[in-house]
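Report on the following structure.
The figures here come from the full heavy-atom set of this structure, side chains too, leaving out hydrogens, waters and symmetry mates.
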Amino acid sequence: MSLLLQAYPVDSLNQMQQTVNLAPVQEDTNLLQLLMRGGWIMVPIVLLFFIGLVIFVERYLTIRKASRREAGLLPQVKSNVLSGKLDSAIAVCRSSNSALSRMLQKGLTRVGRPIKDIEGAIENQGKLEVARLEKNINVLGIVAGIAPMLGFVGTIFGVIQIFRDVEIAGGIDIGSVSGGLYVKMIASASGLTIGILAYIGYHILNMMVERVILRMETDAIEFIDLLDEPGS
C-alpha cells in the first residue's frame, strides 16, 4: 500500500478525483425544452413559423383547387356559342363557379361588341382571379426575410449576455459562456430554418400560380379565337 502511495502522491489522486467530478452530466432534452432555452426571441420566431405554415397550407389548397381542369366547361360553352345560345353558355359558366368560368362569363356578356372589348374584359377578370390566387403569398416572402434576421438578433443578445456575465464574474466562466451560446445558436438555427422553409414555400406557391395562369391564358385564347371566327 505504501508503494502505491509513493507511486501516486495524494495531490495526484485529488486531481484525478476532481477531473472525474468535473465530467459533464448528460441530461435528456426534448425539442421543446431546447427551443425554450433560446430565450424570449424564440416567441416571435415561433409565431412567424405558425403564420407561414397557415398561409402555405391555405394557399396550397386554394391554388390546387383552382388548378383542377374542368373538362366539360369549354366544350359546353363552345357548343352553346356556336348554336347561338348565349344565355345557356352564361348559365354553364355560372354553375361552374371557377376562375376560368368567371373569365368566360365576362367575355360572353360582351358578345356583340368589338373583339378588343371582349379581350379587355377577359383580361381584366383574369387579373382579378390571379390577385385572388396570390393573396397573402407575399407574406411568406416577408417571413423568409424576417425570421433569419430575428435569429441574428438572438445571436447578438447571446453575445451581449456572454460579455455581461464575464464582466460581472470578473473572469471567464464556462457556465455563463455556455448559457449565452445557447441563446446564440438556438435562435440563429431556428430563424434560418424557418426562413428557408418559408422561402421554399413561397416559390412553390408561385410556381403553382404560374401554371394556373398559363392554363387560363390558353383557354381564354381558344375562346377568343372561337368568337373571332367568321360567322360567329
Side-chain angles (χ1 to χ4, degrees), residues 47-147 194-232:
L47 182 62
L48 286 176
F49 169 74
F50 283 108
I51 291 174
L53 181 62
V54 170
I55 291 176
F56 177 79
V57 173
E58 187 273 333
R59 285 293 89 192
Y60 179 83
L61 295 177
T62 300
I63 298 171
R64 186 174 181 181
K65 180 180 179 181
S67 63
R68 294 175 183 172
R69 178 182 290 275
E70 300 182 44
L73 176 62
L74 195 56
Q76 289 181 23
V77 172
K78 281 183 178 181
S79 176
N80 288 315
V81 170
L82 292 175
S83 301
K85 303 177 181 178
L86 291 180
D87 292 338
S88 298
I90 293 174
V92 170
C93 293
R94 287 176 179 172
S95 62
S96 177
N97 192 27
S98 63
L100 177 62
S101 66
R102 288 188 286 269
M103 291 172 59
L104 297 181
Q105 180 181 344
K106 186 66 67 173
L108 289 170
T109 57
R110 301 294 193 275
V111 171
R113 299 184 183 182
I115 197 67
K116 292 295 183 182
D117 292 346
I118 299 176
E119 289 180 356
I122 293 176
E123 182 179 353
N124 291 334
Q125 184 63 36
K127 291 179 180 178
L128 292 176
E129 298 299 332
V130 171
R132 290 172 183 170
L133 293 177
E134 293 179 340
K135 180 182 178 181
N136 293 330
I137 291 181
N138 288 334
V139 177
L140 280 178
I142 296 174
V143 172
I146 292 180
I194 294 172
I196 291 171
L197 293 176
Y199 183 80
I200 293 173
Y202 173 79
H203 284 283
I204 288 175
L205 294 180
N206 275 322
M207 288 189 294
M208 293 176 66
V209 170
E210 288 176 1
R211 286 198 293 266
V212 175
I213 293 174
L214 179 60
R215 182 176 299 174
M216 289 192 303
E217 288 179 346
T218 302
D219 292 339
I221 291 173
E222 187 175 351
F223 175 72
I224 294 296
D225 290 340
L226 171 66
L227 297 180
D228 201 25
E229 289 178 359
S232 305

* Structure fact -> Scanning both residues in full, the closest heavy-atom pair of L86 with V111 reads CD1-CG1, 3.7 Å

* To do: Please report the shortest heavy-atom distance between R113 and I118, naming the atom on each side.
  => O-CD1, 4.0 Å

* To do: Please round to the nearest 0.5 Å and tell me the distance separating atom CD of E119 and atom CD1 of I221.
  => 9.0 Å

* Return the minimal non-hydrogen interatomic distance between I122 and A220, and the atom names on each side. => CG2-CB, 4.0 Å

* Asked: Between OG1 of T62 and CZ of R132, what distance do you get to the nearest 0.5 Å?
  -> 12.5 Å

* State, to 0.1 Å, how close A147 and G195 come at their nearest heavy-atom pair, and which atoms those are. => CB-N, 3.9 Å

* To do: Verify side-chain contact (heavy atoms from CB on, under 4.5 Å) between E217 and I213, making sure each step is shown before the conclusion.
  => CA-CA 6 Å; E217 288 179 346; I213 293 174; 3.6 Å; yes

* Closest heavy-atom contact between K106 and Q125? -> CE-OE1, 3.5 Å

* Asked: When rounded to the nearest 0.5 angstrom, what distance separates OG1 in T109 from CD1 in I90?
  -> 6.5 Å

* To do: To the nearest 0.5 Å, tell me how far I63 CD1 sits from E58 CD.
  => 8.5 Å

* Applying side-chain contact (heavy atoms from CB on, under 4.5 Å), name anything that partners Q76, two or more places apart in sequence or on another chain. => V92

* **Heavy-atom side-chain contact between D225 and E222 under 4.5 Å** => no

* Asked: To the nearest 0.5 Å, how far apart are CG in L205 and CD in E134?
  -> 10.5 Å

* Asked: To the nearest 0.5 Å, what is the distance between CD (E210) and CG (L133)?
  -> 12.0 Å

* Does the side chain of N138 reach to within under 4.5 Å of the side chain of Y202, using non-hydrogen atoms? -> yes

* CZ/R64: more than 12 non-hydrogen atoms of other groups inside 6.0 Å -> no

* For I55 and L140, work out which heavy atoms get closest and say how close. => CG2-CG, 4.2 Å

* Backbone of P75 reached by a side-chain donor or acceptor of S79 within 3.5 Å -> no

* **L104 side chain reached by D219 side chain, heavy atoms, under 4.5 Å** => no

* Structure fact -> For residues 93-102, the salt bridge (Lys or Arg N to Asp or Glu O under 4.0 Å) pairs (sequence neighbours left out) are R102-E129

* Asked: Are the side chains of V130 and M216 in touch, meaning some heavy atoms are under 4.5 Å apart?
  -> yes

